[in-house]
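For reference, the structure discussed in these notes is given below.
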Amino acid sequence: MAYETIIVEVDNHVATVTLNRPDALNALNDQLMSELAEALTAAQDNEKVRCIIITGSEKAFAAGADIAMMREKSFVDAFSGDLFTPETDQILRVRKPIIAAVSGYALGGGCELAMMCDFIICSDTAKFGQPEINLGVVAGIGGTQRLTRIVGKSKAMDMNLTGRFMDATEAERSGLVSRVVPCKKLLEEATGAAQKISEKSMISVMVVKEAVNRAYEVPLREGLLFERRMFHALFATEDQAEGMGAFLEKREAQFRDK
Ligand SMILES: CCCCCCCCCCCCC[C@H](O)CC(=O)SCCNC(=O)CCNC(=O)[C@H](O)C(C)(C)COP(=O)(O)OP(=O)(O)OC[C@H]1O[C@@H](n2cnc3c(N)ncnc32)[C@H](O)[C@@H]1OP(=O)(O)O
């Protein structure tokens, strides 16, 4: 598939999707979101792909929704057209793990897109923010919701009210990102993580993704029960027999459940 605003490479079970609108700091316009949705669907359907990375350029992961695209829209356009809901539903339907590899700006929809991924590895140049208030709007796809659950009310309120940016150090300290690496090592680190995940039992990987994401949604007792039942269920898989057998036979496990 030929794309204009993204670059897709599949190698060794990892699909790397690079946002590619450098002149607009990867601002998320209709075409980019449509192409990203298509690429994620293709990665989900491709049996050779076991982990997905979304990344951008050194200067910007994504500087947010495209302001030029939004400027002309009315309330009726946004509300009746359910602006951005189909795209966000699409990324949340992907069951394979998605790593956000963030360098430079991840602002507004860019920060929100990164937070919709399963975890974020960022470079020491990363800057996260929800500056929508500067535009007379507020975050629209998780910047007041996921950010608050991740970094806490005070920091989320500060960032959404002042529009200030958070650097990589603060992002790691706040739990927004999993790891911070030197800019030149970002893709190597993200690819290493993706390949390590690709070696695991795919069925277990998908259960982890679902269980950790559910922790945001349900009370602890319900989450613990879900986790317990999925732990029990995995004893029905070949991968559980292979994984535990390989350990006891002191060899590498060869997982095969899809
Ligand atoms: C399955 C598909 C998955 C899809 C997932 C869902 C994605 C949905 C995304 C929509 C989310 C909507 C809800 C969201 O909360 C709303 C927003 O995101 S509002 C936008 C928030 N972002 C901003 O306000 C940042 C705006 N940019 C800046 O402040 C600055 O550009 C900067 C980042 C601080 C960098 O400053 P500089 O280094 O000085 O660079 P320039 O400003 O000169 O920018 C260079 C060039 O890029 C253009 N540009 C930058 N940001 C945007 C943007 N957001 N939209 C459009 N264009 C942008 C800028 O205009 C310059 O262009 P030029 O003038 O050179 O033509």
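Order of appearance sets the numbers: ligands from 1, and atoms from 1 within every ligand.
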Have Gln31 and Glu4 got a donor and an acceptor in their side chains that come within less than 3.5 Å? yes

Classify the side-chain pair Thr18/Thr55 by whether it contains a donor and acceptor separated by less than 3.5 Å. no

Listed once per pair and sorted, the salt bridge (charged side-chain N to carboxylate O under 4.0 Å, His left out) pairs that draw on residues 133-145, sequence neighbours left out: none

Counting only pairs under 3.5 Å, give me each side-chain donor-acceptor contact of residues 174-194, with atom names and distances, residues two or more places apart or in other chains.
from	atom 1	to	atom 2	distance (Å)
Ser174	OG	Glu170	O	2.5
Arg179	NH1	Glu189	OE2	2.9
Lys184	NZ	Glu58	OE1	2.9
Thr191	OG1	Leu187	O	2.7

Please work out whether the ring planes of Phe79 and Phe75 are parallel, tilted or perpendicular, with thresholds of 30° and 60°. parallel

Would you check ligand 1 and list the protein residues that come within less than 4.0 Å of it by any heavy atom, ordered by chain and number? Asp23, Ala24, Leu25, Ala27, Leu28, Met33, Leu36, Ala37, Leu40, Lys59, Ala63, Gly64, Ala65, Asp66, Ile67, Met70, Phe84, Glu87, Thr88, Gln90, Ile91, Tyr105, Leu107, Gly108, Gly109, Glu112, Leu113, Met116, Pro131, Glu132, Leu135, Ala139, Gly140, Ile141

What residues, two or more places apart in sequence or in another chain, satisfy side-chain hydrogen bond (donor to acceptor under 3.5 Å, both in side chains) together with Lys96? none

